Amino acid sequence: RYDALQGDLLAAFAGHQEAGLLEIATTAATHPVLPLLADAPSSIQGQIQTACDDYQCWFGRAPRGIWLPECAYDSAIEPALARSNLRW
């Protein structure tokens with residue numbers, strides 16, 4: 001199957017997403033533990049916005065959700081998630 005796709009796995013996944021068969025989430029740009037950046041909100045925003053921009057480039061639409069690296073959460077992340085319109 002990989003050869004049939006000419007190695008373009010992203011296009012295959014995008015097609016499944018467009019067909020409603022799966023939902024692809026984004027993650028932070030360089031996979032930092034975001035709560036450790038709580039004292040630098042612009043860094044959190046930069047990580048999330050860069051990831052969203054990259055997702056838009058690859059999949060032709062904004063992501064709906066994010067997988068937080070290491071599943072690490074802190075309320076300091078919420079403003080950046082809201083500004084990037086990430087719902088889950």
Side-chain angles (χ1 to χ4, degrees):
R1 182 84 176 127
Y2 180 81
D3 290 338
L5 294 169
Q6 298 178 346
D8 193 354
L9 296 176
L10 287 178
F13 282 117
H16 289 302
Q17 180 167 257
E18 290 169 17
L21 300 173
L22 61 87
E23 183 70 30
I24 301 169
T26 193
T27 191
T30 64
H31 201 80
V33 178
L34 292 171
L36 297 178
L37 301 175
D39 290 337
S42 63
S43 293
I44 293 172
Q45 185 65 50
Q47 285 286 328
I48 292 172
Q49 192 59 54
T50 299
C52 290
D53 292 347
D54 193 51
Y55 185 105
Q56 176 78 42
C57 178
W58 285 106
F59 298 108
R61 68 168 178 85
R64 295 184 179 122
I66 187 169
W67 179 83
L68 296 174
E70 308 311 326
C71 296
Y73 174 80
D74 186 280
S75 61
I77 300 167
E78 287 292 332
L81 298 175
R83 278 191 294 276
S84 295
N85 199 32
L86 293 165
R87 295 182 292 280
W88 54 266

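Fair warning: this is a prediction, and the values are worked out from it, not measured in the lab.
Contact record, Ala72 with Pro35: CB-CD, 3.6 Å, taken as the closest heavy-atom pair.
Taking the side chain as every heavy atom from C-beta outward, Ile44 and Pro79 never approach each other to under 4.5 Å. Side-chain contact between Leu81 and Ile48 is present, with at least one heavy-atom pair separated by less than 4.5 Å.
Put simply, Ile24 and Ile66 are part of two different groups of oily side chains (I, L, V, M, F, W, Y) that touch within less than 4.5 Å, one to the next. There is a path of hydrophobic side-chain contacts, each under 4.5 Å, that joins Tyr73 to Leu37.
Here Ile77 contributes atom CD1 and Leu34 contributes atom CG; the two are 4.5 Å apart, rounded to the nearest 0.5 Å. The CG atom of Leu36 sits 11.5 Å away from the OG atom of Ser43 when rounded to the nearest 0.5 Å. Expressed to the nearest 0.5 Å, how far SG of Cys52 lies from CG of Leu86 amounts to 4.5 Å. To the nearest 0.5 Å, the span separating OG1 on Thr50 from CD on Gln45 amounts to 9.0 Å. Note: Thr26 OG1 to Trp58 CH2 = 13.0 Å, rounded to the nearest 0.5 Å. Here the CZ atom belonging to Arg61 is positioned 9.0 Å from the CD atom belonging to Gln56, to the nearest 0.5 angstrom.
When atom types are taken as modelled, the side chain of Gln47 and the backbone of Thr30 share a donor-acceptor pair closer than 3.5 angstrom.
Not counting sequence neighbours, the partners of Ala25 by the side-chain contact (heavy atoms from CB on, under 4.5 Å) test are Trp88. In this structure, the side-chain contact (heavy atoms from CB on, under 4.5 Å) partners of Asp8, at least two apart in sequence or on a different chain, are Leu10, Ala11.
By the neighbour-count criterion of 12 heavy atoms within 6.0 Å, atom CZ of Phe59 is densely surrounded, having more than that number from other residues, nucleotides or ligands.
Applying the ring-ring contact (aromatic ring centres under 6.0 Å, His included) rule to pairs touching residues 25-54 yields His31-Trp67, sequence neighbours excluded.
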